[in-house]
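Please see the structure below; I have some questions.
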Amino acid sequence: MKKRFGIVLAIIVALLLTVVPLGQNQSAQAADDSLEKIQKKGVLVMGTSPDYPPYEFQATVKGKSQVVGMDVEIGKKVAKDLGVKLKVKSMSFDSLLVALQTGKVDMIISGMNPTPARRKNVDFTHIYYQGGYSIVINKTDLAKYKNKDSFKGGTLGAQTGSTQYNAIKKQTVGTTSKGMTSQSDLILALQSHKLDGVAMEKPSAEAYVSNNKQLAAIPSNFDLSSDATSSAIAFRKGSTSLVNEVNKTVDSIKKQNLVKKQYLPAAGKYLKTNTVNTSMTHYWKAFLTGIEYTLIITICSVFFGFILGILLSLARMAKGNPFKTALRWLATAYVEFIRGTPMMVQVMFVYFGLGLFVNLPALTSGIIAISLNSGAYIAEYIRGGINSVNIGQTEAARSLGMSNGATMRYVVLPQALKNIWPSLGNEFITLIKDSSIVSIIGVTELIYQSNIVRSDTYRGVAPIVVIMVLYFIMTFTASRILNYFERRMQHD
Amino acid sequence: MTKPVIEVESLAKSFGDNHVLKDITEKVEPGQVIVVIGPSGGGKSTFLRCLNLLETPTSGKVAFEGQDLTSLDSKSVDSLREKMGMVFQSFNLFPNMTVLENIKLAPMKVKGVADAEATKTAHELLQRVGLEDHAEAFPASLSGGQAQRVAIARALAMNPEVMLFDEPTSALDPEMVGEVLNVMQELAQEGMTMVVVTHEMGFAKEVADRVWFMADGYIQENNTPDEFFNHPQTERAKDFLSKIIM
Ligand SMILES: Nc1ncnc2c1ncn2[C@@H]1O[C@H](COP(=O)(O)OP(=O)(O)OP(=O)(O)O)[C@@H](O)[C@H]1O
Ligand SMILES: [Mg+2]
């Protein structure tokens with residue numbers, strides 16, 4: 001089972017829950033109207049991390065990329081039995097629990113196993129699927145490896161922080177464990193012989209093997225509690241009425257053995273269509289969407305960051321009365337704080353943190369976070385640009401009766417901006433690349449899309465090469481355009 | 001008797017421990033041309049900048065047409081500065097604007113004058129300083145003398161009551177000094193009230209109504225040019241005059 005839960009995220013959640021103790025948890029405990037609420041809303045939002053076939057993965061259905069897999073089938077059935085519509089929201093596995101706790105999603109179906117640690121924070125339904133672990137190896141090594149104990153002196157890989165990863169660490173002797181974030185990276189490492197085997201969920205292993213003739217699967221023989229190999233649906237803590245209702249559906253799925261009989265075969269069908277055409281040109285639409293979002297995020301963020309940057313730089317130079325001093329102090333603190341924390345954490349903070357108060361879509365959150373970040377940097381460029389304008393310019397303008405504000409606006413800023421145009425251009429180009437960070441909250445920009453294509457096609461390198469070229473084309477074009485304008489501004 | 005245009009009372013200005021202006025009390029009457037001379041570092045620029053509050057006095061009063069500037073809020077100071085044009089040693093033209101735009105900017109943004117009217121006035125002023133051909137030029141393409149004449153036109157565009165000049169010819173090549181001084185002399189003849197810091201003794205003798213000799217933070221002498229240059233009263237002034245070649 002996947003059990004990844006980034007430490008950073010854990011800290012953020014802890015922080016949020018202490019800062020905002022009046023979150024969903026308490027109100028839910030006070031009065032359990034969870035079932036009623038969903039039925040009233042008419043929509044059940046399912047959170048999932050679609051990089052884990054056959055549980056959930058992206059497939060191109062009639063030319064449109066969508067999330068499919070056995071978990072989605074289960075989600076559909078749950079929604080149908082509740083009499084509501086299902087909406088699937090995809091994001092990285094790390095983000096799922098926070099998304100549930102902050103109300104971004106109503107439930108998680110993502111091959112999630114109900115560990116005691118997780119049970120403390122969320123409510124789980126009955127188990128809907130009991131799996132096991134396999135080890136995927138290169139077919140040529142089939143004679144060499146029997147089970148987990150055959151890898152002495154070798155290296156076994158698994159998703160970082162997953163239960164498989166912990167099992168390798170605890171239950172093998174003389175075997176090196178290697179963790180990676182994505183399943184497709186692990187397979188790639190296996191094929192390039194950086195790993196000798198990859199431990200994963202049995203159905204996942206079967207999916208990989210059936211789609212790649214160079215791979216084989218062997219039993220793992222890990223000693224597992226049923227907790228570690230089972231999947232259940234997660235709801236917010238205290239949603240007893242909702243969980244009880246959904247348990248009826250889960251029980252009937254198990255009784256009729258629907259997972260094996262219907263859902264896995266259905267998922268397998270998508271897997272088959274996927275492997276038919278794995279050329280990169282087949283996925284041009286996915287890449288195009290990626291480019292589109294990357295550019296939307298970059299352009300919006302530079303625009304808002306620029307406005308914020310001007311305000312911040314002016315605030316940083318304010319002096320005179322106590323109010324202005326406070327303003328300057330605040331702006332300085334803001335700039336220092338933003339520049340002293342990773343953009344990734346800021347993105348997560350805006351998405352999940354602000355998400356407690358207003359429900360912002362991932363794209364909006366991403367743009368807000370990156371604008372806030374880039375504003376701090378642009379503010380420093382602008383401040384430098386303003387300081388580079390000769391003081392005589394200000395004095396001339398003031399002596400003509402122009403106010404402080406008018407002097408800034410008509411005399412100093414235009415000259416400052418001309419001086420910092422190259423820095424602003426660099427910031428724009430940097431953002432084209434750095435905007436990729438919002439992929440962690442599920443914005444379908446270029447990196448996110450390439451990950452989808454990778455897990456979709458089981459091809460590790462080709463999508464990376466494609467987006468490298470695409471990023472280069474974008475940054476190179478942008479720098480040409482910026483140079484052109486820079487030259488045009490040199491009239492005096 | 002007419003009211004003085006500028007009245008300075010017990011003006012003092014310090015930068016930290018550096019007491020640049022110590023105690024200055026003087027008046028400028030309408031139409032007067034005052035030339036301020038004195039040794040370098042004596043506080044002449046600081047004094048001039050205190051007159052339009054580019055520099056905030058440490059103590060004392062600076063009154064313009066009877067209004068004490070030091071007691072006004074910043075908005076009122078802004079609007080009084082309109083009436084005091086200033087010309088700097090280093091011109092301080094806006095390099096990103098044409099000559100015409102330099103002159104039009106303040107009338108349009110401060111006084112709200114319409115574009116067409118501001119353009120018309122600007123052309124008239126350029127004609128007056130002999131630069132009507134350079135309306136569309138950028139400052140970087142002008143000679144020093146031309147740039148300073150544009151700066152004078154720019155200050156005049158606000159229709160000021162007083163003009164303050166801080167060593168307007170010190171940064172110029174010698175052959176260009178004359179063209180700027182001529183413009184200033186014409187201005188004086190038209191009745192403009194002027195306070196001029198300069199080392200051009202010829203200009204002081206010919207144009208000034210009064211010469212103020214400034215050293216060590218005080219106005220040491222206030223006299224007619226004739227009296228000052230021929231019969232300096234203080235040792236400080238005698239010493240200063242003996243050192244400059246005339
Ligand atoms: N903004 C300032 N901060 C600190 N000290 C200053 C400042 N402006 C001027 N001073 C000091 O005040 C003193 C007088 O300077 P000021 O420029 O007024 O003299 P000046 O008579 O105009 O000299 P010059 O003939 O060289 O122009 C100098 O010692 C100078 O260093
Ligand atoms: Mg000076």
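Within every chain, numbering begins at 1; the chains are lettered A, B, ... in the order of the sequence lines, protein sequences first and strands thereafter.
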task = Check whether more than 12 heavy atoms from other residues, nucleotides or ligands sit under 6.0 Å from atom CZ of A:Phe287, and answer yes or no.
result =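 Buried by this count: over 12 neighbours within 6.0 Å.
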inquiry  = Rounded at 0.5 Å granularity, tell me how far CD in A:Glu395 sits from CG in B:Asp166.
reply    =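 Interatomic distance, A:Glu395 CD to B:Asp166 CG, rounded to 0.5 Å: 9.5 Å.
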query = Heavy-atom count around B:Phe15 CZ within 6.0 Å, excluding the residue itself: above 12?
reply =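 Yes, CZ of B:Phe15 has more than 12 neighbouring heavy atoms, counting only those of other groups under 6.0 Å.
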CD-OH distance between B:Glu101 and A:Tyr410, expressed to the nearest 0.5 angstrom =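 Result: 13.5 Å between the selected atoms.
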inquiry  = How long is the straight-line distance from CG of A:Asn390 back to CZ of B:Phe94, given to the nearest 0.5 Å?
reply    =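 So the CZ of B:Phe94 and the CG of A:Asn390 are separated by 11.5 Å.
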message = For residues 39-68 of chain B, give me every residue with a non-hydrogen atom less than 4.5 Å from any non-hydrogen atom of chain A.
response =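 Result: B:Arg49, B:Asn52, B:Leu54.
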task = Write out, in numerical order, the residues from residues 73-93 of chain B with a heavy atom short of 4.5 Å from a heavy atom in chain A.
result =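 B:Asp78, B:Arg81, B:Glu82, B:Met84, B:Met86, B:Phe88, B:Asn92, B:Leu93, listed by number.
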request  = Identify the two heavy atoms, one from A:Val411 and one from B:Leu105, that lie closest to each other, and give their separation to 0.1 Å.
outcome  =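 In this case the closest contact between A:Val411 and B:Leu105 is CG2-CD2, 3.7 Å.
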ask   = Quick one: OG on A:Ser403 to NZ on B:Lys109, what's the gap to the nearest 0.5 Å?
value =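 Rounded to the nearest 0.5 Å, the OG-NZ separation comes to 12.0 Å.
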